[in-house]
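Structure first, commentary second.
Nothing fancy with the numbering, it's 1 onward along the sequence.
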Amino acid sequence: MSRIPRPVSVRARLLGAILGVLSLGLIIAGGVAFFVQSERVIANAERQLDGFSATAASSGRSAVDLVAAAIPGRTDGTLALSGTTVLADTPSPPGLQVASDAAFLSAVSDALARGEMRGRLDSAQGPLLYAAVPLADATLVQAISVDQRMELVTLSTATYAIAGTLVLVAVAISGWFVTGILFSPLRQLRDTTDAITIADLGTRVQRAEANDEIGNLTASVNSMLDRLAMSVDAQRQLLDDVRHELKTPITIVRGHLETMNPDDARDVAETRDLGIAELDRLSRLVDDIDALAVVEAGALTTEVVRVADLTDRVGELVSAIPQHTWTIEARGGGSIHGDHDRLVQAWLQLADNAAKYTPAGAPIEIGSSTDDNSVDLWVRDHGPGIPPAARHRVFRRFDRVSTRRGVEGSGLGLSIVDAIAKAHEGYCTVSDTPGGGATVTLHIPLRRAHSPADLPTPVRAGDVVMQREASG
């Protein structure tokens, strides 16, 4: 059995999404920090130049003396310019080497000629911020290297990037193992479902945890597999039973046709009658299988059914079944929510089944009763009864407790009754009738746990009676 290709696993997609969100967060946080620190560095440099300009303008000293008295920093330098000639400059190192930077000297001279006393210029040492103060002997200029002032910011940003990368790697490694542990039930679920075939539905997913969501999902999948296996087993059993039931009439008809004398009119007529009878039995079998399939296909239609009216209706219908005296012994009160036609069909099937196995002329009673939890619909006969050891078999498909000759039926009648009871969330029971016989009861709960939906149009309630009359 070939697997469906899976190019990217859920585990990889989830881990990729986590790493993507984490990376975006780290990039945004780092970008904001870099921007804020850069602005602070530039603001500090601007404040230094403001202080330099104010001090130089108010000192009353010459430019050369101010340069000589200046204490240079590592990132700045001061010089006295006369045109493009450097009259004095702060030593380098420790100060910024600007006196020998021809590009800067040319650019600052042009800027001063245009009257630009503050600004930003490019140089061989990168961008420089400058401030110029015209004095009596020369122009005093101080320059600050932007790149050198940003070294700490750049270093911290690089450190942050390395640390962020290590965090992402650590999250990726730990996340891979953690998601592997979390998704191991899903992998097992995938492998198990891939291994399940129609020939082998017994494989189940092991449930590691009892209360987590994945454990609950595993339990749901196992429950679904159980229901699927039961459905397939039921279908297989039905096919086996139908195959077994079809063999007998086919063998009978074939055997009589092979031995029939076509020149003997009586033999031909008897064979014809036998073939029609067997075909009628096959037709009833197909009708019962169809009715059983419809009942088991889904929930029932819902309507309010008055128990007393239902009892009277079934009493009218069973009176059409001959050779027995029918009596309504009790009528229950109240109402239930269910499918009226299906309930009548089930009750009539119980009555028809009792009539088949009860000697002619024996009375049969029907009745209903209601308590706080359920409604009981029962049929009581006075026939041979059903042995306790065989009562669990009477609702099986094609399983007959009595095999005596002359009893017509497909073996599905009580199976249909049981299916209708279960569709109403009820059940059937068999008990002894005082003095001999069997009492079969349909127990229907007053309150159903599930709201039923519509089914296909149900089989008519009189089908059982009509079938009984046709076979009689």
- Just do the side-chain contact (heavy atoms from CB on, under 4.5 Å) check on Val146 and Leu128 with the steps written out, would you? CA-CA 6 Å; Val146 175; Leu128 302 177; over 6 Å; no
- Message: If you apply the rule side-chain contact (heavy atoms from CB on, under 4.5 Å), what do you find for Asp76 with Phe52, and how did you get there?
- Response: CA-CA 12 Å; Asp76 60 73; Phe52 163 77; over 6 Å; no
- Task: Go through Ser368 and Trp347 one step at a time and tell me if the side-chain contact (heavy atoms from CB on, under 4.5 Å) criterion holds.
- Result: CA-CA 11 Å; Ser368 60; Trp347 206 348; 4.0 Å; yes
- Item | Contacts of Ser62 that satisfy side chain to side chain donor-acceptor pair (under 3.5 Å) - sequence neighbours left out | Asp65
- Message: Suppose we screen for salt bridge (Lys or Arg N to Asp or Glu O under 4.0 Å). Which residues come up paired with Asp110, at least two apart in sequence or across chains?
- Response: none
- Message: So, taking the atom named CE in Met117 and the one named CG in Leu112, what distance separates them when rounded to the nearest 0.5 Å?
- Response: 4.5 Å
- Message: Test of understanding: with salt bridge (Lys or Arg N to Asp or Glu O under 4.0 Å), list the residues that count as partners of Asp50, not counting sequence neighbours.
- Response: Arg118
- Message: As an exercise, state the distance from CG of Leu105 to CG of Asp101, rounded to the nearest 0.5 Å.
- Response: 6.5 Å
- Task: Give a yes or no on whether Arg331 atom CZ has more than 12 heavy-atom contacts from other residues, nucleotides or ligands under 6.0 Å away.
- Result: yes
- Task: Give a yes or no on whether the backbone of Ala56 and the side-chain of Ser59 come within a donor-acceptor separation of less than 3.5 Å.
- Result: yes
- Message: Filter on salt bridge (Lys or Arg N to Asp or Glu O under 4.0 Å), then keep only pairs touching residues 367-376, sequence neighbours left out; what's left?
- Response: none
- Task: Apply side chain to side chain donor-acceptor pair (under 3.5 Å) to Arg114 and list each qualifying residue two or more places apart in sequence or on a separate chain.
- Result: Glu116
- Message: Test side-chain contact (heavy atoms from CB on, under 4.5 Å) on Leu343 and His424; report intermediate values, then the result.
- Response: CA-CA 9 Å; Leu343 292 173; His424 284 83; 3.8 Å; yes
- Item | Closest non-hydrogen atom pair between Ala330 and Thr311, with its separation | O-CG2, 3.8 Å
- Task: Check whether any side-chain N or O of Trp378 sits under 3.5 Å from a backbone N or O of Ile366 as a donor-acceptor pair, and report yes or no.
- Result: no
- Looking at side-chain heavy atoms only, is the closest gap between Ser23 and Leu168 below 4.5 Å? yes
Please list, one pair per line, the donor and acceptor atoms closer than 3.5 Å that link side chains of residues 137-144 to other protein atoms, with sequence neighbours excluded.
residue : atom : partner : partner atom : Å
Asp137  : OD1  : Ala63   : N            : 2.9
Asp137  : OD2  : Ala63   : N            : 3.2
Asp137  : OD2  : Val64   : N            : 3.4
Gln142  : NE2  : Thr78   : OG1          : 3.2

- Query: Tyr427 vs His443 aromatic rings, parallel, tilted or perpendicular, using cut-offs 30° and 60°?
  - Reply: parallel
- Message: Checking side-chain polar atoms at under 3.5 Å, does Arg342 have a donor or acceptor matched by the opposite partner on Gln345?
- Response: yes
- Message: My understanding is that only residues two or more places apart in sequence, or in another chain, count here; which of them pass salt bridge (Lys or Arg N to Asp or Glu O under 4.0 Å) with Arg74?
- Response: Glu151
- Message: Between Leu15 and Leu19, is there a side-chain heavy-atom distance shorter than 4.5 Å?
- Response: yes
- Taking all atoms of both residues into account, what is the closest heavy-atom pair of Ser53 and Val133, and its distance? CA-CG2, 3.7 Å
- Ignoring hydrogens and angles, tell me if any N or O in the side chain of Ser106 forms a donor-acceptor pair with the backbone of Ala102 under 3.5 Å. no
- Could you list the residues that satisfy side chain to side chain donor-acceptor pair (under 3.5 Å) with Ser100, not counting sequence neighbours? Gln97
- Give a yes or no on whether Leu166 atom CG has more than 12 heavy-atom contacts from other residues, nucleotides or ligands under 6.0 Å away. yes
- Item | Separation between CZ of Arg306 and CG of Asp312, rounded to the nearest 0.5 Å | 10.0 Å
- Query: Taking only residues two or more places apart in sequence, or in another chain, which ones meet Tyr160 in a ring-ring contact (aromatic ring centres under 6.0 Å, His included)?
  - Reply: none
- For Thr90 and Gly77, the nearest pair of non-hydrogen atoms, with its separation, is OG1-CA, 3.6 Å
- Note on the structure: Sorted by chain and residue number, the side chain to side chain contact (heavy atoms under 4.5 Å, CB included) partners of Phe35 (sequence neighbours excluded) come out as Glu39
- Do Leu49 and Tyr130 come within less than 4.5 Å of each other through their side chains, counting heavy atoms only? no
- Query: Any donor-acceptor pair under 3.5 Å linking the side chain of Ser374 with the backbone of Pro445?
  - Reply: no
- Query: How many angstroms lie between CG in Leu350 and OG1 in Thr439, if you round to the nearest 0.5 Å?
  - Reply: 11.0 Å
- Message: Can you confirm whether more than 12 heavy atoms, excluding those of Leu14, are under 6.0 Å from its CG atom?
- Response: yes
- Item | Pairwise distance CD1(Ile42) to CE(Met150) - rounded to 0.5 angstrom | 6.5 Å
- Query: Partners of Glu316 by salt bridge (Lys or Arg N to Asp or Glu O under 4.0 Å), sequence neighbours excluded?
  - Reply: Arg313
- Have Ser145 and Thr75 got a donor and an acceptor in their side chains that come within less than 3.5 Å? no
- How close do Leu135 and Arg61 get, heavy atom to heavy atom, and via which atoms? CD1-O, 3.8 Å
- Query: If every non-hydrogen atom of Val98 is compared with every non-hydrogen atom of Leu79, which pair is closest and at what distance?
  - Reply: CG2-CD2, 3.3 Å
- Note on the structure: So CD of Gln349 and CG of Leu442: to nearest 0.5 Å the spacing works out to 11.5 Å
- Item | Residues which pass side chain to side chain donor-acceptor pair (under 3.5 Å) with Asp418, listed by chain and number, not counting sequence neighbours | Lys422
- Taking every non-hydrogen atom, the tightest pair across Ser123 and Gly126: OG-O, 2.7 Å
